[in-house]
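All values below come from the heavy atoms of this structure, side chains included, with hydrogens, waters and symmetry mates left out. A note on names: the letters A, B, ... follow the listed sequences, proteins ahead of strands, and every chain is numbered from 1.
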Amino acid sequence: MENLIIEQTKSTPYIFFCAATGKLRIEGESYPENVIKFYTPVLEWLHDYFMTNVKDMVLEFKIIYFNSSTSKVFLTIFDLLEQKASTGCNITVKWICDKDNDVAIECGEEFQEEINKFLFTVEIC
Amino acid sequence: MTIRSLYMAEEMVLEKSENLLMSKQYCSVEEYRELYEEYKKLFKQVKTLVKIADLTEQELKILFEKFSEVSRIDSLTGLYNRRYFWETFSKVWEQSIEHNFVVSLLMIDIDYFKKYNDAYGHLQGDECLKAMAVEFQRSVRRPQDMVVRFGGEEFVVLLPQSGKEAAIHVAKRLFRNVNSLYSKYSPVQLKSQMTISVGIASLYPQQEDPITLLVDKADQELYRAKEAGRNCFRLYERP
């Protein structure tokens, strides 16, 4: 399966999903004009990836700022991860934020409360 | 997988519910339970989304307030800046015309400030400006009076609904406070006794007056004060 690489722009994050290693990264700011248009390839890639024999997966979020529509997409992604985790896949999500970005830290903690089927850690650096 | 909208899961719950309602037969408890669990999960997500939206909105509000302050305040002296002066002055001017209020303005210039800067350096010049700004601010008492850093070493005091007597009173207080400066501050902060020249203008604005009239008149009086030897004030009054 091919990797997914989307370059960062002013309003959209850098996306790097590596099928071989199971290491996925979303980094930067997310407030695209058309959230569906931007994240459809991401969700479709994840859907296809989960059809393969995935045993382990680490998804890192290093998001500085994101709008409400993006937070809905993130919850949709977490839903997909929960469904996959229920089949025995070992999934870890790392929510990485700067120690000075209080909003990102608190958002990470809110997401963490939603999740109970896979490991969701908030890492402050 | 076709993604049509952000709310596909919600739309599916609605569709299933509609189908159940339209169904002429009762469905199993499991089907109702499945729908209920799906709805419960989505409702929990909505609560998370609202909390996250609140966090970012709160941050935006804080940033907006900081930005508002930065756009109004001169960072060196903490006084209002020229941009904010004109924003506020236009409202004071209009109100004065509408209600026939008198308004006064003092234009202050620090005497020989360039020489001070040249003698002691720009950092010392900044300390001098900061010390002066404190004294200028102390010279006004009412909340509607405004002290502004107008230029490099030029300052303005705006006195809405105040005539000649009040303006002179404030000018005298300015001179007293500036005169006491040198003894108040350490030699580190202030290297020599400073003086100011002040131009005062006081008038009842009329509809036909240009909005710059009061500032122009005060500026002319400031020039007269400088010509008269500095460390004094001159006044223009149009009754």
Side-chain angles (χ1 to χ4, degrees), chain A residues 29-51 61 63-84 86 95 97-98 100-117 120 122, chain B residues 1-21 27-73 75 78:
Chain A
E29 296 188 315
S30 179
Y31 51 101
E33 223 174 282
N34 188 333
V35 168
I36 287 294
K37 192 175 168 193
F38 180 77
Y39 278 102
T40 291
V42 176
L43 292 166
E44 283 178 344
W45 192 96
L46 278 171
H47 179 262
D48 293 344
Y49 184 58
F50 289 152
M51 302 285 272
F61 288 82
I63 298 288
I64 301 164
Y65 168 81
F66 59 99
N67 64 4
S68 300
S69 299
T70 300
S71 57
K72 180 70 171 91
V73 169
F74 287 172
L75 287 171
T76 306
I77 291 174
F78 299 149
D79 273 346
L80 284 174
L81 296 181
E82 283 199 318
Q83 284 170 36
K84 189 63 186 171
S86 304
W95 184 269
C97 20
D98 189 274
D100 294 325
N101 194 343
D102 291 335
V103 175
I105 296 170
E106 288 182 66
C107 289
E109 287 165 356
E110 289 297 333
F111 284 139
Q112 194 177 45
E113 276 186 42
E114 273 283 308
I115 308 299
N116 47 39
K117 295 222 172 93
F120 187 109
V122 177
Chain B
M1 182 193 195
T2 313
I3 321 275
R4 294 185 310 275
S5 85
L6 275 181
Y7 306 102
M8 273 172 54
E10 288 82 354
E11 283 158 8
M12 253 183 0
V13 166
L14 281 177
E15 199 181 308
K16 278 186 192 169
S17 308
E18 210 178 324
N19 289 342
L20 281 175
L21 284 167
C27 302
S28 67
V29 168
E30 287 76 28
E31 275 179 279
Y32 285 115
R33 179 158 295 285
E34 195 188 309
L35 196 59
Y36 165 76
E37 292 296 336
E38 185 64 22
Y39 178 82
K40 210 167 82 170
K41 188 186 84 176
L42 292 171
F43 180 52
K44 198 165 162 245
Q45 281 189 1
V46 164
K47 289 199 276 190
T48 302
L49 286 173
V50 169
K51 276 191 208 169
I52 286 172
D54 280 349
L55 287 169
T56 46
E57 273 164 36
Q58 195 177 16
E59 177 77 357
L60 275 171
K61 190 170 181 314
I62 292 169
L63 288 172
F64 177 75
E65 280 163 10
K66 275 189 187 160
F67 174 74
S68 295
E69 195 185 294
V70 161
S71 69
R72 284 195 320 242
I73 302 291
S75 57

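Using a 4.5 Å cut-off between heavy atoms, A:Phe66 touches chain B through backbone and side chain atoms alike. Residue B:Glu10 touches chain A through its side chain alone, counting heavy-atom pairs closer than 4.5 Å. Contact annotation for B:Lys51: only side-chain heavy atoms (C-beta onward) come within less than 4.5 Å of a heavy atom of chain A. Using a 4.5 Å cut-off between heavy atoms, A:Asn67 makes no contact with chain B at all.
Counting heavy-atom pairs closer than 4.5 Å to chain A, the top-ranked of the candidates B:Lys44, B:Gln45, B:Lys47 is B:Gln45.
The nearest pair of heavy atoms linking B:Ser5 to A:Ile36 is C-CD1, 3.3 Å.
Between the side chain of A:Trp95 and the main chain of A:Ala104, a donor-acceptor pair closer than 3.5 Å is present. Checking side-chain atoms of A:Glu110 against main-chain N and O of B:Thr48 turns up no donor-acceptor pair under 3.5 Å.
Below 30°, between 30° and 60°, or above 60°: for A:Phe78 and A:Phe74 the angle between ring planes is between 30° and 60°, a tilted geometry.
Side-chain contact annotation: A:Tyr39 with A:Ser30, donor-acceptor N/O pair under 3.5 Å present.
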